[in-house]
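Counting from 1, the numbers follow the sequence of the chain as shown.
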Amino acid sequence: MAEIPESPVTPGAPDALVVADNVHKRFGRLEVLRGIDLTVKRGEVMCVVGPSGSGKSTFLRCVNHLEKLSAGRLWVNGELMGYRQKGGRLHELRDHEIAAQRRDIGMVFQRFNLFPHLSVLGNIIEAPVQVKRVPRAVATERAMELLEKVGLPDKAGAYPEQLSGGQQQRVAIARALAMEPSLMLFDEPTSALDPELVGEVLDVMRDLAEGGMTMIVVTHEMGFAREVGDSLVFMDGGVVVESGTPTDVLTDPQQERTQAFLSKVL
């Protein structure tokens with residue numbers, strides 16, 4: 001990355017958990033993110049909406065460094081994600097250092113990505129036991145608490161193929177929570193589900209929000225965004241077109257592009 005000016009270690013407000021500063025991402029000649037500036041406060045639920053190809057999922061993947069930035073900076077918990085700054089330049093961290101940063105960030109994908117060869121319980125305890133070296137008995141007790149939380153206490157011994165899509169997604173949420181993250185990222189977690197299964201996943205996410213979990217949710221569920229979100233961001237063409245409270249953006253959008261998008265989805 002090019003030389004950049006010095007910057008404070010912890011930018012933004014003291015209660016900021018995520019700070020994106022002029023984030024760019026290119027894939028070859030295609031510029032997917034074109035200067036994203038966002039701040040997510042601790043305990044905030046930020047919902048991100050927009051048309052396909054607007055850069056929403058790419059931004060989410062940049063937050064935990066699944067995608068490397070092409071320019072700009074991104075902090076989580078006051079730490080520069082994926083890089084260290086030295087002499088006005090950014091140097092990418094080693095793989096194990098990046099993995100250590102990701103331990104505090106849970107991510108739930110469109111597809112559930114459960115390990116098919118492991119039971120529900122095995123899926124949930126795998127990372128705490130292998131990565132955080134949590135004793136198996138302790139991890140198992142925590143996993144059972146999480147299965148209770150997501151409404152699946154009787155599925156501990158089941159395998160992913162024996163579960164519905166909604167159940168698999170709830171297990172995926174429990175698996176992410178097992179690492180006790182301070183931030184949860186949701187990448188359109190209901191888009192692969194049959195309509196009748198969407199509600200059970202949204203209910204779990206609603207409970208997490210009420211419990212104070214900081215969340216960035218890429219979603220097309222406008223009702224969820226209106227009800228649960230503290231802030232709503234509309235992205236298009238790799239930029240933030242408009243942001244504000246869900247009520248303000250959904251009922252009184254100021255930008256023509258936002259108005260056009262909402263007229264088709266509301």
> Would you say the side chains of Glu44 and Ser231 form a donor-acceptor pair under 3.5 Å?
Replying inline: yes
>> I'd like to know whether Arg142 forms a side-chain contact (heavy atoms from CB on, under 4.5 Å) with Leu146, so could you lay out the CA-CA distance, the side-chain angles of the two residues, the decisive distance to 0.1 Å, and finally the verdict.
In response: CA-CA 6 Å; Arg142 172 63 174 156; Leu146 289 170; 3.6 Å; yes
Establish whether [X] and [Y] are linked, either directly or via other cluster members, by ILVMFWY side-chain heavy-atom contacts under 4.5 Å.
| X | Y | answer |
| --- | --- | --- |
| Val249 | Leu38 | no |
| Val198 | Leu163 | yes |
| Leu232 | Val239 | yes |
| Leu185 | Val23 | yes |
| Met213 | Met46 | no |

Just verifying a value: how many Å separate [X] [atom1] and [Y] [atom2], rounded to the nearest 0.5 Å?
| X | Y | atom1 | atom2 | value |
| --- | --- | --- | --- | --- |
| Leu69 | Phe59 | CG | CZ | 9.5 Å |
| Asp21 | Ile36 | CG | CD1 | 11.5 Å |
| Gln85 | His91 | CD | NE2 | 9.0 Å |
| Leu60 | Glu67 | CG | CD | 11.0 Å |
| Ile216 | Leu183 | CD1 | CG | 5.5 Å |
| Met144 | Leu152 | CE | CG | 10.0 Å |

> How would you list all residue pairs meeting ring pair (Phe, Tyr, Trp, His ring centres under 6.0 Å) that involve residues 231-263, not counting sequence neighbours?
Replying inline: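 Applying ring pair (Phe, Tyr, Trp, His ring centres under 6.0 Å) to every pair that reaches into residues 231-263, excluding sequence neighbours, yields Phe234-Phe261.
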Any sub-3.5 Å donor-acceptor pair from [X]'s side-chain atoms to [Y]'s backbone N or O?
| X | Y | value |
| --- | --- | --- |
| Asp15 | Arg42 | no |
| Lys56 | Met235 | no |
| Gln259 | Pro253 | yes |
| Gln169 | Pro189 | yes |
| Arg175 | Ala127 | no |
| Asp37 | Asn22 | yes |
| Arg102 | Asn64 | yes |
| Lys155 | Ser119 | no |
| Gln168 | Arg111 | no |
| Glu242 | Gln255 | yes |

> Of the options Leu202, Val49, Val201, which is the one that meets Glu221 in a side-chain contact (heavy atoms from CB on, under 4.5 Å)?
Replying inline: Leu202
> Mind checking whether Phe186 and Val45 have side chains closer than 4.5 Å, heavy atoms only?
Replying inline: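 With C-beta onward as the side chain, the pair stays apart.
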For [X], salt bridge (Lys or Arg N to Asp or Glu O under 4.0 Å) partners two or more places apart:
| X | answer |
| --- | --- |
| Glu200 | Arg170 |
| Asp187 | none |
| Glu141 | none |
| Arg103 | none |

>> Take a 6.0 Å sphere around CD of Glu196 and say whether it holds more than 12 heavy atoms from other residues, nucleotides or ligands.
In response: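 Yes, enclosed.
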>> Taking side-chain hydrogen bond (donor to acceptor under 3.5 Å, both in side chains) as the definition, give me every residue that meets it alongside Glu227, ordered by chain and number, with sequence neighbours left out.
In response: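 By the side-chain hydrogen bond (donor to acceptor under 3.5 Å, both in side chains) rule, Glu227 matches Arg206.
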